[in-house]
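Before any comments, here is the structure.
Along the sequence shown, residues are numbered consecutively beginning with 1. Counting starts at 1 for both ligands and their atoms, following the listed order.
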Amino acid sequence: MEDKQITVTSPLLPDLDEFNDLLKRIWDKKWITNNGSFHKELEAALCEYLKVPYISLFTNGTLPLMCALQALRITGEVITTPYSFVATTHSLWWNGIKPVFVDIDPETCNLDPDKIEAAITPKTTAIMPVHVYGKPCDTGRIQAIADTYGLKVIYDAAHAFGVEVNGKSILNAGDMSTLSFHATKVYNTIEGGALVYHDEKTKKRIDYLKNFGFADEVTIVAPGINGKMDEVRSAYGLLNLKQVDAAIEGRKQVAVKYREGLRNIKGIRVMEDMLGIRHNYSYFPIFIDTEEYGMTRDELYFRMKEWNILGRRYFYPLITEFSTYRGLESANPVHLPVAVKMADSVICLPMYYGLTENDIDKILNCIQSGQ
Ligand code: T4K
């Protein structure tokens, strides 16, 4: 057994000398947060890279979710997915909104549009889908439902940095989309996040909201919060943006090798690329069919651990299994058979730029040896 651990991901880091140069400029200026020049530069650079008209930077990927709900004045009930990181639903709870869970599509693991309408009540005000693993939701169908019932749509696009559908950013779908720039993401600013929306007026409102609601020194327009990104992380983000294309390409190569290696292993399902989509390869989930493969998901998960391969069971347990949510009627697993099945069969394999051929071979050997 080798000592080196292979973790589920490893952060994309900027060149340290280049980062030091930018730090020196921040030190000289003594302007370290509150909409500084690197912050402005990063917002402009991200709009261009992501092909979106407006963006507001945040200090993480959870606060934009919370601020989007505030900005759109969402109340009552919101339809969402149980198959996500818990921050998605926590943002609703913190706003006093009741999550209504709807089952997912087995192909994409995203909210199943066929199941949304049955969950709408007079209290429903919005839909909050997630582009899980960066795979695009069926935004056309979700928008059609939202339009019919007069609902807002906020996409949790934490995993979907740089994802495009037919050359257009997935982030332009719905009323707003949120991003996470956490260390574990395709593009990171250490901690960080952003909110994407369509017009200038909303930019003003969001920028007030993330700065306690201040419109000027003496005017508070809303009960805002402190969600600001600082200059150090904005500078780091500018440097990482220069290498994110290379990182996505590197991840694609890892995905290609995984798919080749897993093709002949019975009982292991992988997600294929979708036609017309620019994927970002943010995660590489595999789904284990115990009967065909001959081992349960957890048996394989712990075998991998013994081999020092630290895959992760994203997203197990389902959000609906956590104590905060499990008492809700829509959290009953009877209503969520697909989500339960996916959560019980998934392992996300290590996926990052810089994962070596040796690492990939070792991971594939480990999975092969379980058969
Ligand atoms: N919505 C969705 C759909 C999300 O997935 C997330 C976050 C959010 C909203 C909220 O965004 P943020 O507020 O977090 O920006 C991680 C992340 O903390 C979290 O950002 C992410 N989703 C979630 C899916 O995964 P953990 O607890 O699994 O991370 P952790 O610390 O165990 O790290 C995983 C592995 O990454 C480590 O084993 C090694 C590697 N790693 C991690 C860190 C932090 C490093 O090599 N270096 C590092 O600095 O939650």
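Within ligand 1, the atoms closer than 4.0 Å to a non-hydrogen atom of S84 are 3 (C), numbered from 1 in the order shown. Those atoms of ligand 1 that come under 4.0 Å of a heavy atom in A87, given as number and element, are 8 (C), 9 (C), 10 (C). The atoms of ligand 1 that sit less than 4.0 Å from any heavy atom of P11 are 45 (C), 46 (O), 47 (N). If you number the atoms of ligand 1 from 1 as listed, the ones under 4.0 Å from a heavy atom of S180 come out as 11 (O), 12 (P), 15 (O). Counting atoms of ligand 1 from 1 in the listed order, those under 4.0 Å from a heavy atom of A158 are 1 (N), 2 (C), 3 (C), 4 (C), 9 (C).
The shortest separation from a heavy atom of V8 to ligand 1 is under 4.0 Å, placing the residue in contact. The shell of residues lying under 4.0 angstrom from ligand 1, judged by heavy atoms, includes K185.
Figure legend: R297 and Y316 shown as a cation-pi pair, the cationic atom lying under 6.0 angstrom from the six-membered ring centre and within 45 degrees of its axis.
Protein heavy atom closest to atom 18 (O) of ligand 1, with residue, atom name and distance, is H182 CE1, 3.2 Å. Counting protein heavy atoms only, atom 48 (C) of ligand 1 is closest to A183 CB, 4.2 Å. Protein heavy atom closest to atom 9 (C) of ligand 1, with residue, atom name and distance, is D156 OD2, 3.5 Å.
Neither the backbone nor the side chain of E191 has any atom closer than 4.0 Å to an atom of ligand 1 (non-hydrogen atoms only). Within the 4.0 Å heavy-atom criterion, the part of T184 lying near ligand 1 is the side chain and not the backbone.
Among Y283, F85, F181, F315, the residue whose heavy atom lies closest to atom 7 (C) of ligand 1 is F85. The closest non-hydrogen atom to atom 41 (N) of ligand 1, taken over I6, T9, L179, comes from T9. Of the options T7, V132, T62, the smallest heavy-atom separation from atom 13 (O) of ligand 1 is shown by T62.
Less than 6.0 angstrom separates the ring centroid of H131 from the ring centroid of Y155. Side-chain rings of Y49 and F161 approach one another, their centers coming within less than 6.0 Å.
No side-chain donor-acceptor contact under 3.5 Å links N226 to the backbone of F212.
The pair E231-K29 fails the salt-bridge criterion, with no side-chain N (NZ, NE, NH1 or NH2) lying under 4.0 Å from an Asp/Glu carboxylate O. Taking 4.0 Å as the cut-off between side-chain N and carboxylate O, K257 and E357 count as a salt-bridged pair. A salt bridge between D105 and K135 is absent, with no side-chain N of the basic residue lying under 4.0 Å from a carboxylate O of the acidic one. For the pair K24 and D28, the salt-bridge criterion is met [side-chain N within less than 4.0 Å of a carboxylate O].
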Fill in: Worked verdict on F85 versus H90 for ring-ring contact (aromatic ring centres under 6.0 Å, His included)
CA-CA 9 Å; F85 189 59; H90 280 352; 8.4 Å; no

